[in-house]
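Notes follow the structure.
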Amino acid sequence: MLEHCNIPTPPFAIVRNEEMALDPAPGQKAIELSPHATALSSYPLFVKPNAEGDSKGVVPASKVSNQDELESAIRVLREKFPQQDILIETFLPGQEFSVGILGTGREARVIGLASYNFRPLNDQNSPRQIDFHLQGKDNLESGAVEQVVMHMDHPGVREVGEMGIRAWNVLGCRDGGRVDIRLDAESKPQVLEVRATARALLYKTHSNMAILQVNPIPGLSMSSSIYPAIARGNGIPFPQLLESIVNSALKRKENTVHANH
């Protein structure tokens with residue numbers, strides 16, 4: 001749906017669950033049948049379950065560098081998620097953003113962004129090279145990844161936010177959540193701002209971005225979830241965030257009642 005509405009997503013192919021047992025190389029076949037076959041002919045690619053959240057099924061081996069690794073990753077996922085299709089995507093190596101959104105439809109607004117700084121490690125095969133979600137909260141608590149909340153007073157940030165709100169509204173999301181966006185390999189990083197306390201690297205507006213995930217039911221842990229952290233970093237305390245989500249839902253309900261009378 002996002003692709004149909006001209007909102008960038010990574011080139012992809014779907015390995016259908018019912019076809020995995022019928023073909024010795026289901027990944028390659030799915031790529032050949034995909035309208036994105038040309039883009040997917042270049043590695044690395046990324047393999048994950050098609051209908052999971054919180055990076056379930058994502059491991060270091062999800063990033064594949066050749067066809068043998070691709071088919072092996074698909075076999076592992078099929079064993080772990082036997083009822084699901086498998087998603088193959090172009091691997092996006094650029095910076096990742098989480099866009100926090102409040103509201104529904106025309107009243108939806110971006111409340112802020114978060115990004116992530118990966119601290120240097122000696123092990124270049126570390127999961128940090130793929131995504132901090134591989135170890136999630138453990139990575140944040142260990143200091144391997146620094147979560148940086150950013151404000152909306154920057155042209156580069158505004159462009160990311162605008163893409164997030166477009167995806168949110170196209171998919172009919174409501175009340176509160178987040179959209180994850182990542183830059184692709186062609187992005188040309190230009191430092192626009194380095195905050196002394198946050199060290200957040202931003203990019204000029206010509207960078208190429210793609211939607212990774214839309215999360216209409218975000219985590220709401222006050223201490224560890226990204227969404228409340230984005231709100232808090234942009235002047236919205238946790239009680240006010242919850243109140244805004246509930247008020248958005250109540251307003252939708254009120255509008256529905258009026259429309260039916």
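Across every non-hydrogen atom of V170 and C5, the tightest pair is CG1-SG, 3.7 Å. The shortest non-hydrogen separation linking N169 to G105 is OD1-O, 3.3 Å. The minimum heavy-atom distance between A114 and I230, with the atom names listed, is CB-CG1, 3.7 Å. The minimum heavy-atom distance between G177 and P218, with the atom names listed, is CA-CG, 3.6 Å. Shortest non-hydrogen contact noted between G161 and V110 is O-CG2, 3.4 Å. Nearest heavy atoms, N17 versus P82: OD1-O, 2.7 Å.
Within the 3.5 Å criterion, the main-chain N or O of E96 finds a donor-acceptor partner in the side chain of S115. With hydrogens and angles disregarded, no donor-acceptor distance shorter than 3.5 Å links the side chain of S225 to the backbone of M222. W168 contributes a side-chain N or O that, together with a main-chain N or O of G103, makes up a donor-acceptor pair within less than 3.5 Å. No side-chain donor-acceptor contact under 3.5 Å links R166 to the backbone of L2.
Pairs passing the ring-ring contact (aromatic ring centres under 6.0 Å, His included) check and including a residue from residues 3-28, sequence neighbours excluded, read F12-H36.
Note: R16 CZ to D85 CG = 5.0 Å, rounded to the nearest 0.5 Å. Here the straight-line distance linking atom CD of Q28 with atom CD of E32 works out to 4.5 Å at 0.5 Å rounding. Distance CG/L113 to CG/N234: 8.0 Å, rounded to 0.5 Å.
By the salt bridge (charged side-chain N to carboxylate O under 4.0 Å, His left out) test, E107 pairs with K251, sequence neighbours left out. Residues forming a side chain to side chain donor-acceptor pair (under 3.5 Å) with T104 (at least two apart in sequence, or on another chain): D175, S248. Contacts of E89 classified as salt bridge (charged side-chain N to carboxylate O under 4.0 Å, His left out), with partners at least two apart in sequence or in another chain: K48. When the side chain to side chain contact (heavy atoms under 4.5 Å, CB included) test is applied to D68, the partners found at least two apart in sequence or on another chain are N66. Remark: L242 pairs with L220, F238 by the side chain to side chain contact (heavy atoms under 4.5 Å, CB included) rule, at least two apart or across chains. Take V246 and apply the side chain to side chain contact (heavy atoms under 4.5 Å, CB included) test, not counting sequence neighbours, and it matches L250. For P35, the side chain to side chain contact (heavy atoms under 4.5 Å, CB included) test picks out no residue, with sequence neighbours left out. Applying the side chain to side chain donor-acceptor pair (under 3.5 Å) rule to S221 yields the partners S223, S224; only residues at least two apart in sequence or on another chain are considered. For Q84, the side chain to side chain donor-acceptor pair (under 3.5 Å) partners at least two apart in sequence or on another chain are E52. Qualifying salt bridge (charged side-chain N to carboxylate O under 4.0 Å, His left out) partners for R174, counting only residues two or more places apart in sequence or in other chains: none.
A salt bridge is absent between R182 and D180; no separation between the charged side-chain nitrogens and carboxylate oxygens falls under 4.0 Å.
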Please evaluate residues N247 and S244 with respect to the criterion side chain to side chain contact (heavy atoms under 4.5 Å, CB included), reporting the C-alpha separation (whole Å), side-chain torsions for both, the decisive distance (0.1 Å), and the verdict.
CA-CA 5 Å; N247 285 341; S244 297; 5.7 Å; no
How far apart are the C-alpha atoms of V99 and R178, what are their side-chain angles, what is the distance that settles it, and do they pass the side chain to side chain contact (heavy atoms under 4.5 Å, CB included) test?
CA-CA 5 Å; V99 181; R178 72 171 207 267; 5.8 Å; no
Kindly determine whether I181 and M163 satisfy side chain to side chain contact (heavy atoms under 4.5 Å, CB included), including the steps that lead there.
CA-CA 8 Å; I181 295 173; M163 179 181 288; 4.0 Å; yes
Mind running side chain to side chain contact (heavy atoms under 4.5 Å, CB included) on N215 and V179 for me, showing each step along the way?
CA-CA 6 Å; N215 187 343; V179 177; over 6 Å; no
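In this structure, K63 forms a cation-pi arrangement with F91, its terminal cationic atom sitting closer than 6.0 Å to the ring centre and no more than 45° off the ring axis.
You'll find the side chain of I111 reaches within 4.5 Å of the side chain of R109, heavy atoms only. Between P237 and Q240, the closest side-chain pair of non-hydrogen atoms falls below 4.5 Å.
Taking Ile, Leu, Val, Met, Phe, Trp and Tyr as hydrophobic and joining them when side-chain heavy atoms fall under 4.5 Å apart, one finds I74 in a cluster with V15, M20, I31, L40, Y43, L45, V47, V64, L70, L77, F81, I86, I88.
Hydrophobic cluster membership differs between I7 and L87, with clusters built from Ile, Leu, Val, Met, Phe, Trp and Tyr side chains linked at under 4.5 angstrom. Hydrophobic clustering, with ILVMFWY side chains joined whenever heavy atoms are under 4.5 angstrom apart, keeps V59 apart from V76. Hydrophobic clustering, with ILVMFWY side chains joined whenever heavy atoms are under 4.5 angstrom apart, keeps I101 apart from I217.
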